[in-house]
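Worksheet: one structure, shown below.
Small disclaimer: the values here were computed from a predicted structure and weren't measured.
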Amino acid sequence: DITTRNITCLDGLSDWESLLTFGKEIEANTNVNVNVNETFTTKMNLALAKASLNLGEWDNLKHYTSKIKPEEDEDIYETNFFSAVLEIKEKNYTKAQEYINKARNAIDEKIKTLLTESYQRAYKLLISNEQLYELEEIITLYTKTSHDDIRTRSELLRKRWDERLEISDKDIKNYERTLAIRGLLFRLDEDYETHLKLAKICRRENMYTTCMIVLNRLSKHLEHCDTN
């Protein structure tokens, strides 16, 4: 229906702010004439949770993740990924690792199967597995590093992540997820160069609307930092 198409469109444009606003309208059932029970399907809540993650809006991420009822392996992966992120934010690292393990188990067998057929077909899931590893690197940073060394170790981790980004496939959605993970360690104004690279990738892929959304989001954040 039109609600699903709107959510798909906003998700495709990476217009996370508008997507969350639309989601809240659906929940309130005021400006959108839809049946709430029919609209809030797993796919929609997944999209709203992803938008929350990409904007670093942790309360919204928790809200929408709690509404997801996953059945497919990909949805199980996403739900446990979101839960792991939330536990890391709460410094519940043991619980976060449990969710990471569940997410990895959801895609592990499929990776093995696809690798026997084609590396290209398995690539997306391999990237997903790498993103779980990056969450584990954050857990290791906070659990195995003294407080005085956190900043130094964070910068070393940033350098390692930068090197991975340079050699990875420049898929926009994968890049956005990587930026969301980096957001657990670095504020947007501390990592703005990586967001500028995302804008360049969008422009190169002729995704000019998404490019402008990324640049406007970055500009607003930097202006807010300058006034505080």
Atom [atom1] of [X] and atom [atom2] of [Y]: how far apart are they, to the nearest 0.5 Å?
X: Gln131; Y: Tyr77; atom1: CD; atom2: OH; result: 5.0 Å
X: Ile100; Y: Leu132; atom1: CD1; atom2: CG; result: 6.5 Å
X: Tyr192; Y: His221; atom1: OH; atom2: NE2; result: 12.5 Å
X: Leu222; Y: His195; atom1: CG; atom2: NE2; result: 9.5 Å
X: Leu20; Y: His63; atom1: CG; atom2: NE2; result: 10.0 Å
X: Leu48; Y: Trp16; atom1: CG; atom2: CH2; result: 10.5 Å

TODO: Taking only Lys NZ, Arg NE, NH1 and NH2, and the carboxylate oxygens of Asp or Glu, determine whether Arg158 and Glu190 approach each other closer than 4.0 Å.
DONE: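 Salt bridge: no.
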
TODO: Before accepting this row, confirm whether a basic side-chain N of the pair Glu136/Arg104 lies closer than 4.0 Å to the acidic partner's carboxylate O.
DONE: yes

Sidechain-backbone polar pair: [X] side chain, [Y] backbone, donor-acceptor under 3.5 Å:
X: Thr116; Y: Thr113; answer: yes
X: Thr145; Y: Ile150; answer: no
X: Ser168; Y: Leu165; answer: yes

Open item on the list: Does atom CD (Glu90) have a neighbourhood of more than 12 heavy atoms from anything else shown, all under 6.0 Å?
Closed with: no

TODO: Kindly check if the number of other-residue, nucleotide or ligand heavy atoms within 6.0 Å of NZ (Lys124) is above 12?
DONE: no

Check: residues 79-86 side-chain donor-acceptor pairs under 3.5 Å, at least two apart:
| from | atom 1 | to | atom 2 | distance (Å) |
| --- | --- | --- | --- | --- |
| Thr79 | OG1 | Asp75 | O | 2.8 |
| Asn80 | ND2 | Ile76 | O | 2.8 |
| Ser83 | OG | Thr79 | O | 3.0 |

Let me check something: any side-chain donor-acceptor pairs from residues 176-185 under 3.5 Å, sequence neighbours excluded? List them with distances.
| from | atom 1 | to | atom 2 | distance (Å) |
| --- | --- | --- | --- | --- |
| Glu176 | OE1 | Ser14 | OG | 3.4 |
| Glu176 | OE2 | Ser14 | OG | 2.4 |
| Arg177 | NH1 | Glu78 | OE1 | 3.0 |
| Arg177 | NH2 | Glu78 | OE1 | 3.4 |
| Arg177 | NH2 | Glu78 | OE2 | 3.0 |
| Thr178 | OG1 | Asn174 | O | 3.1 |
| Arg182 | NE | Asp191 | OD2 | 2.8 |
| Arg182 | NH1 | Asp162 | OD1 | 2.9 |
| Arg182 | NH2 | Asp162 | OD1 | 2.9 |
| Arg182 | NH2 | Asp191 | OD1 | 2.9 |
| Arg182 | NH2 | Thr194 | OG1 | 3.2 |

Task: Contacts of Glu87 that satisfy side-chain contact (heavy atoms from CB on, under 4.5 Å) - sequence neighbours left out - done: Asn92, Lys95, Ala96, Tyr99

Task: Candidates Leu115, Asp73, Ile107 - the one meeting side chain to side chain contact (heavy atoms under 4.5 Å, CB included) with Leu125 - done: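 Running side chain to side chain contact (heavy atoms under 4.5 Å, CB included) over Leu115, Asp73, Ile107 with Leu125 returns exactly one hit, Ile107.
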
